[in-house]
Amino acid sequence: MSDALDRLLGVLDLREIEGWGPRGEEDVWRGGSVPGLANRVYGGQVLAQAIIACGRTVPAERAPHSMHAYFLREGALDAPIDFAVERLRDGRSFSARRTHALQDGKPILSLTTSFQEDQPGYDYQRPAPQDVPPPEDVQSAFELLGSINHPAARWWSTDSAFELAHVGGSLYLAPDAHPSDRQRVWVRARHVIDSDDRLLHRALLAYACDQVMLEPVLRGAGKSWQDVGPHVPVASLDHAMWWHRDARVDDWLLFVQEAPTAQGGRALGFARVYTREGVLVASIAQEGMVRLPA
């Protein structure tokens, strides 16, 4: 049986659907889903699939550099997801695409993304923090949860396509002893990916980030994932991402995160993503529903 990352790569290998819809629309792609913790489609999976679908309609030399998405409905695990791509514009350097992820004819995600050819220009980045231990010195979720007989622990240690190593400790089993609205976590794919496809690696980074974007909210509130459930629901509402430079997701990447505000049952999370060499490869923002009590 293939492992979690192989299953994810399988559902990202979308199938083109010809003559889809009442008018025989083109540029429609279909994919399945990987198992999820909450018996629903994981939002990062739909993000990654939507990026792949849009990327299939642009020249290979143009890579995604930004995307903006809204999560509209929960997705069902037992139904395929269709991605109808609209070609908004193809310029000399940029291409813009929009897609809706559809199940049973209803949108579960709406996404717009822009692609650009590689071009020279002024190059600057905010430096990576210097006081972060290397990932080899940080306990990963695989090590922490591998021996715990619990469905969530088994998912994070066995069925997760990505390995996470939280600097200063994770929130899986208990709250942070020193609550803070900031977090640093190392992330990498479960094993080496036999592909240099830039579109695939950027889509996989979008997949991975949805797992951690709202954790600084829980950390700052003195909560752990043990506190999340029917009475404290957590869900992504919208997502924005900017890819700055190429990176492989099967190498360790450092997420430098913060959650500057929470109010009205919503919270905002930011992240900068660095390679272990200190190269800034992406910036991310996500607002989510986090119904913590006042």
Side-chain angles (χ1 to χ4, degrees), residues 8-33 41-73 75-76 79-121 195-210 236-247 249 281-287:
L8 173 59
L9 293 173
V11 302
L12 294 184
D13 188 15
L14 304 178
R15 177 168 58 95
E16 188 172 13
I17 306 299
E18 296 182 0
W20 180 91
R23 296 181 297 277
E25 290 89 343
E26 298 179 350
D27 291 340
V28 179
W29 308 82
R30 176 169 293 172
S33 295
V41 175
Y42 164 59
Q45 173 205 298
V46 188
L47 281 177
Q49 289 173 311
I51 293 164
I52 293 288
C54 290
R56 293 277 180 88
T57 70
V58 303
E61 62 271 16
R62 297 191 177 190
H65 71 89
S66 71
M67 69 92 165
H68 302 265
Y70 282 94
F71 297 94
L72 303 175
R73 291 178 176 85
I81 306 173
D82 292 329
F83 299 86
V85 178
E86 182 180 359
R87 304 190 184 208
L88 298 177
R89 182 177 184 271
D90 286 303
R92 289 180 294 177
S93 303
F94 293 86
S95 293
R97 297 291 185 266
R98 178 167 54 212
T99 186
H100 300 295
L102 304 166
Q103 273 191 329
D104 298 324
K106 296 181 179 179
I108 63 174
L109 175 102
S110 180
L111 175 144
T112 303
T113 186
S114 181
F115 299 76
Q116 183 192 15
E117 294 181 8
D118 288 340
Q119 294 178 308
S195 172
D196 296 325
D197 184 359
R198 300 166 70 196
L199 176 64
L200 176 63
H201 282 270
R202 294 190 181 200
L204 284 168
L205 182 55
Y207 173 95
C209 71
D210 193 36
S236 305
L237 295 175
D238 67 356
H239 194 97
M241 188 165 183
W242 298 265
W243 296 270
H244 310 307
R245 298 167 181 87
D246 286 329
V249 296
V281 297
S283 299
I284 312 165
Q286 183 180 100
E287 187 175 50

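Asp197 contributes a side-chain N or O that, together with a main-chain N or O of Leu199, makes up a donor-acceptor pair within less than 3.5 Å. At least one donor-acceptor pair closer than 3.5 Å links the side chain of Arg97 to the backbone N or O of Thr57. Using a distance-only test at 3.5 Å, with no hydrogens or angles considered, a donor-acceptor pair links the side chain of Gln45 to the main chain of Gly32. A donor-acceptor contact shorter than 3.5 Å links the side chain of Gln103 to the backbone of Ala76.
Residues passing the side-chain contact (heavy atoms from CB on, under 4.5 Å) test with Ser236, sequence neighbours excluded: Phe71, Asp210, Gln286. When the side chain to side chain donor-acceptor pair (under 3.5 Å) test is applied to Asp238, no partner is found at least two apart in sequence or on another chain. Checked against ring pair (Phe, Tyr, Trp, His ring centres under 6.0 Å), Tyr207 has the following partners two or more places apart in sequence or in another chain: Tyr42, Phe162. Here Arg92 pairs with nothing under the side-chain contact (heavy atoms from CB on, under 4.5 Å) rule; sequence neighbours left out. Applying the side chain to side chain donor-acceptor pair (under 3.5 Å) criterion to Glu61, with sequence neighbours excluded, gives no partner residue. Judged as a ring pair (Phe, Tyr, Trp, His ring centres under 6.0 Å), and not counting sequence neighbours, His244 has no contacts. Qualifying salt bridge (Lys or Arg N to Asp or Glu O under 4.0 Å) partners for Asp196, counting only residues two or more places apart in sequence or in other chains: Arg248. Applying the salt bridge (Lys or Arg N to Asp or Glu O under 4.0 Å) test to Glu117 and every residue at least two apart in sequence or in another chain returns Arg62. Under the side chain to side chain donor-acceptor pair (under 3.5 Å) criterion, His201 pairs with no residue, sequence neighbours left out. Annotation: salt bridge (Lys or Arg N to Asp or Glu O under 4.0 Å) contacts of Arg198 (sequence neighbours excluded): Asp118, Asp246. For the salt bridge (Lys or Arg N to Asp or Glu O under 4.0 Å) test, no residue two or more places apart in sequence or in another chain qualifies with Arg73. Applying the side chain to side chain donor-acceptor pair (under 3.5 Å) criterion to Glu287, with sequence neighbours excluded, gives Arg266.
Between Cys54 and Thr113, the closest heavy-atom pair is CB-CG2, 3.7 Å. Listed here is the closest heavy atom pair of Met67 and His239: CE-CD2, 3.3 Å.
A salt bridge is defined here as a Lys NZ or Arg NE, NH1 or NH2 lying under 4.0 Å from an Asp or Glu carboxylate O, and Asp82 with Arg15 fails to meet this definition.
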